[in-house]
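Notes follow the structure.
Just so it is clear: chains get the letters A, B, ... in the order the sequence lines come, proteins before strands, and each one is counted from 1. The analysis underlying the following values was restricted to heavy atoms, covering all of them including side chains, and did not include hydrogens, waters or symmetry mates.
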Protein chains: 2
Amino acid sequence: MPRLSADERREQLVEAAIRVMIRDGVAKTTTRAVVTEAAVPLGAFHYCFRSKEELLQSVIERITERTLSPVITHPEGTPYDVIRSTLHAYWDRVRERPAEHHVTYELTQYALRQPGLADLARKQYRHYLSINRAYLDSMARALGIRWTVDLPVLARHGLSVLDGLTLNWLIDRDDAEASAALDEYARYLSSVAVPS
Amino acid sequence: MPRLSADERREQLVEAAIRVMIRDGVAKTTTRAVVTEAAVPLGAFHYCFRSKEELLQSVIERITERTLSPVITHPEGTPYDVIRSTLHAYWDRVRERPAEHHVTYELTQYALRQPGLADLARKQYRHYLSINRAYLDSMARALGIRWTVDLPVLARHGLSVLDGLTLNWLIDRDDAEASAALDEYARYLSSVAVPS
DNA sequence: GTCTATAGGAAGATAGAC
DNA sequence: GTCTATCTTCCTATAGAC
C-alpha cells in the first residue's frame with residue numbers, strides 16, 4: 001500500500017464514491033464499498049473524513065459544481081426552433097447519462113434526511129435555479145426577445161418541468177413521450193417570448 | 001404478546017412501516033424499526049413476509065392506491081379561475097403533508113434500485129399518469145372546453161410540473177415561489193383550453 | 001400456526017501500531 | 001502523518017420451541 005497524503009486520499013475517495021453511487025446507488029455507497037473502489041485502506045477513511053456524512057458533503061459539492069448550464073447550440077431559426085434544439089441538447093445529456101442524474105435525485109433525498117446536510121441540499125438547489133435563470137437570460141439575449149413572465153417564476157417553473165420530466169423518464173424510459181412533453185415545453189416558452 | 005393471524009400482522013406491519021417512513025425516511029425503515037413501531041415480535045416479521053423487499057412491495061402498493069385525484073372544487077368562474085383553484089386545492093394537500101410526499105419520492109428511487117421492485121415503480125408511475133389524465137379530462141368536461149394539446153402529452157407535461165414543483169418545494173419550502181409557479185402553470189393550461 | 005432465541009454478517013467508527 | 005487491527009452496534013434472516 002503506497003502511503004499518500006490525506007489530500008490525495010480525499011480526492012481518490014470522493015471520485016470513488018461518485019463511481020460507486022453511479023453504479024450501485026447512494027444507499028449501497030458504504031464506507032467499505034468506497035475504500036474498495038478507491039483501493040484505499042479502510043482505516044484511511046476516517047483519517048481523511050471525520051465521518052461518512054463529511055464525505056457525502058464533499059461528493060454533493062463536487063457533483064453540484066459539475067452541473068453545466070444548457071448550451072445554446074444553434075442560434076438561428078425561429079425562437080421555437082432555437083428553444084427546442086437547446087432543450088433537446090440538454091435532454092440528450094440526460095439520456096446519455098441516466099445513472100448520473102438518478103444519483104443527483106438520490107443525493108438530494110439523502111441530504112434532506114440528514115440534519116447536517118439539509119442546508120447543502122438547499123444550496124445545491126439554489127445553484128440549479130440560478131443556472132436555469134442564467135440560461136433563460138442568455139437565451140433571451142441570443143434571440144433578441146424578452147420573457148413576458150417574471151424571470152424567477154419562469155426559472156422555477158422551467159426547472160420543475162425539467163426535473164419532473166427527468167424523474168419520470170428515469171422510471172419509464174419512454175423517449176417518445178418525454179420528447180413530446182419537452183416539445184410542448186418549448187412551445188410554451190416560445191409563447192411567452194416577445195420581441196424586445 | 002397476543003397471538004394474531006398472519007393477515008392481521010401483515011396489516012399492522014404495512015401501516016407501521018408507512019408511519020416509520022414518514023417519520024424517519026425510507027433508508028431508516030429497517031425491519032426492527034417497523035416491528036418496534038407495530039409492537040409486533042421481530043420473529044413474526046419473516047413469518048408474515050418472505051423478506052423486507054416483500055414488505056416494501058406491499059407498502060408501495062398501499063401508498064399508490066391511496067393517491068387521490070385532484071378534486072374540482074369550485075366549478076364556477078373563468079377557466080383560469082377554476083383551473084387555478086383546483087391546482088391550489090391539490091397543492092394544499094402537498095403542503096399539509098410534506099413528509100408523505102417526500103416518502104413517495106424516496107420509495108420510487110428505492111424501488112428503481114431493487115431489481116424485484118423496478119417494475120412496481122413503473123406501475124406506480126403509470127397510475128399517477130392515468131390519474132392526471134382523468135383529472136384533465138373531467139376538468140375539460142366541467143368547463144365545457146377541450147384541450148388543444150394531445151391529452152397524453154398534456155398529462156405527462158402536467159405530472160412533470162407538479163412532480164418538479166413538489167420536489168423543489170420539499171427542498172426550499174418557498175411557498176411564494178411555488179405558488180407563483182403553480183399560477184403560471186394554471187395560466188398555461190387555460191391558454192391551451194378552447195370552447196368545445 | 002405463531003413467535004423466541006440466535007445465527008451470521010456488514011455497518012460506522014477508533015485506539016494505537018508503525 | 002498514515003494505516004492495521006479491532007470494537008460495538010445494527011442489520012436481515014432462520015431454526016426450531018411452544
Side-chain angles (χ1 to χ4, degrees), chain A residues 1-21 23-60 106-107 109-111 113-117 120, chain B residues 1-21 23-60 106-107 109-111 113-117 120:
Chain A
M1 282 292 173
R3 293 169 80 90
L4 297 178
S5 76
D7 268 356
E8 289 171 296
R9 288 300 192 205
R10 257 190 288 272
E11 176 64 23
Q12 291 178 313
L13 289 169
V14 167
E15 289 301 325
I18 292 174
R19 286 197 299 277
V20 174
M21 284 175 187
R23 196 181 58 226
D24 303 327
V26 171
K28 293 203 179 116
T29 304
T30 61
T31 53
R32 295 175 129 85
V34 173
V35 297
T36 303
E37 172 74 22
V40 163
L42 176 58
F45 185 93
H46 283 280
Y47 174 65
C48 298
F49 295 101
R50 205 184 323 257
S51 65
K52 187 184 170 185
E53 183 171 314
E54 201 174 285
L55 166 71
L56 277 159
Q57 185 172 333
S58 298
V59 166
I60 292 172
E106 286 184 323
L107 276 177
Q109 308 290 326
Y110 181 92
R113 290 286 188 191
Q114 302 274 358
L117 293 180
L120 199 57
Chain B
M1 283 292 176
R3 293 169 81 90
L4 297 177
S5 78
D7 269 353
E8 289 171 297
R9 288 300 193 205
R10 257 190 289 272
E11 176 64 22
Q12 292 179 312
L13 289 169
V14 167
E15 288 301 325
I18 292 174
R19 285 197 301 278
V20 173
M21 284 175 188
R23 196 181 58 225
D24 303 326
V26 171
K28 295 203 178 116
T29 303
T30 61
T31 53
R32 293 176 127 86
V34 172
V35 296
T36 303
E37 171 74 23
V40 163
L42 176 59
F45 185 94
H46 283 280
Y47 173 66
C48 297
F49 294 100
R50 205 184 324 258
S51 65
K52 187 184 169 184
E53 182 170 315
E54 200 175 286
L55 165 71
L56 277 156
Q57 185 172 334
S58 298
V59 165
I60 292 172
E106 286 184 323
L107 275 177
Q109 308 290 327
Y110 181 92
R113 291 285 187 190
Q114 302 274 355
L117 293 179
L120 199 56

Could you tell me how far apart A:Phe45 (CZ) and D:dA5 (C1') are, to the nearest whole angstrom? 18 Å

For A:Leu56 and A:Met21: C-alpha separation, side-chain torsions, deciding distance, then whether side-chain contact (heavy atoms from CB on, under 4.5 Å) applies. CA-CA 11 Å; A:Leu56 277 159; A:Met21 284 175 187; 3.1 Å; yes

In whole Å, what is the span from the CG atom of B:Asp24 to the P atom of D:dC11? 11 Å

Of the nucleotides C:dT6, C:dA13, C:dC3, which has the atom closest to the A:His46 side chain? C:dA13

For A:Leu56 and C:dG12, what is the distance between atoms CG and C1' respectively, to the nearest whole Å? 13 Å

For A:Thr29 and for B:Leu42, locate the closest nucleotide of DNA chain C by heavy-atom distance; then report the residue assigned to the nucleotide nearer the 5' terminus. B:Leu42

Least distance between heavy atoms, A:Glu106 atom then A:Gly25 atom: OE1-CA, 3.5 Å

Which residue lies more 5' along DNA chain C, comparing A:Thr30 with A:Arg50 via nearest heavy atoms: A:Thr30

Do you know which two heavy atoms are closest between A:Ala16 and A:Ala38, and how far apart they sit? CB-CB, 3.5 Å

Contact nearer the 5' end of DNA chain D, comparing A:Tyr47 with B:Thr31: A:Tyr47

Selected nucleotide, minimal atom distance to B:Ser51 side chain, candidates C:dG12, C:dT2, D:dA13: D:dA13

Drop me the distance from B:Leu4's CG to B:Glu11's CD, to the nearest 0.5 angstrom. 12.0 Å

Roughly, in whole Å, what's the span from CZ in A:Arg32 to P in C:dA13? 11 Å

Rounded distance (Å) that lies between atom C1' of C:dA11 and atom CG of A:Leu55: 15 Å

In terms of side-chain heavy atoms of A:Lys52, which of D:dA13, C:dG12, C:dT4 is nearest? C:dG12

How many whole angstroms separate atom CD of A:Glu54 from atom P of C:dG12? 15 Å

Side-chain atoms of A:Arg9 come closest, of C:dA11, D:dC3, C:dT4, to D:dC3

If you look at every strand shown and take non-hydrogen atoms under 4.0 Å, does B:Leu4 touch a base, only sugar-phosphate, or nothing? sugar-phosphate

Between C1' on C:dT2 and CD on B:Glu8, what's the gap in Å once rounded to a whole number? 12 Å

To the nearest Å, give me how far apart NZ (B:Lys28) and P (C:dG12) are. 13 Å

Are side-chain N/O atoms of A:Gln114 and A:Tyr110 paired as donor and acceptor at under 3.5 Å? yes

